[in-house]
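First up is the structure itself, then whatever we jot down about it.
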Amino acid sequence: MAIPELYLEGLTQRALRGQEQLNTYKLGLVEAILKETLRAGEEQDVGAIRSALQTALDVARWELRPAPRSSPRSEGTGP
């Protein structure tokens, strides 16, 4: 799976199950990526290993961006 697909799946997991389940899902993905990389071992070149490690890091860093905060003026509560 490519990162955009994984990211969308992560968003789906969070929406369906909440943040705790998303964190569990992310940890499972990171573990699977690292195990697969170790299993392939010497068969992979340095570029493939770096790519797998970067994917694992990208998954670990997934976070939903908080919704932009509205200014009091835009809500009609300001001066």
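Small disclaimer: the values here were computed from a predicted structure and weren't measured.
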- Keeping to residues at least two apart or across chains, list the side chain to side chain donor-acceptor pair (under 3.5 Å) pairs with something in residues 29-41.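 Listed by first then second residue: Glu31-Lys35.
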- Message: Would you say that Gln54 contacts Leu57 through its side chain, given a criterion of any heavy-atom pair below 4.5 Å between the two side chains?
- Response: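 The answer is yes, as the side chains (C-beta and beyond) meet within the 4.5 Å cut-off.
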- Can you check whether Ile33 reaches Leu53 side chain to side chain, under 4.5 Å on heavy atoms?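 No; the side chains remain at least 4.5 Å from each other.
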In Å, rounded to the nearest 0.5 Å, how long is the span from [atom1] of [X] to [atom2] of [Y]?
| X | Y | atom1 | atom2 | value |
| --- | --- | --- | --- | --- |
| Lys26 | Asp58 | NZ | CG | 11.5 Å |
| Arg50 | Thr55 | CZ | OG1 | 13.5 Å |
| Leu29 | Thr24 | CG | OG1 | 11.0 Å |

- Flag, side chain of Ser51 to backbone of Gly47, donor-acceptor distance under 3.5 Å: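 No; judged by distance alone, with no hydrogens or angles, the pair does not exist.
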- Message: Membership question, hydrophobic clusters at under 4.5 Å side-chain separation (ILVMFWY): are Leu38 and Val59 in the same one?
- Response: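 No; tracing contacts between hydrophobic side chains, which count when under 4.5 Å, never links both residues.
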- Item | Hphob cluster co-occupancy, Leu34 + Tyr25, side-chain heavy atoms under 4.5 angstrom |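 Leu34 and Tyr25: one cluster.
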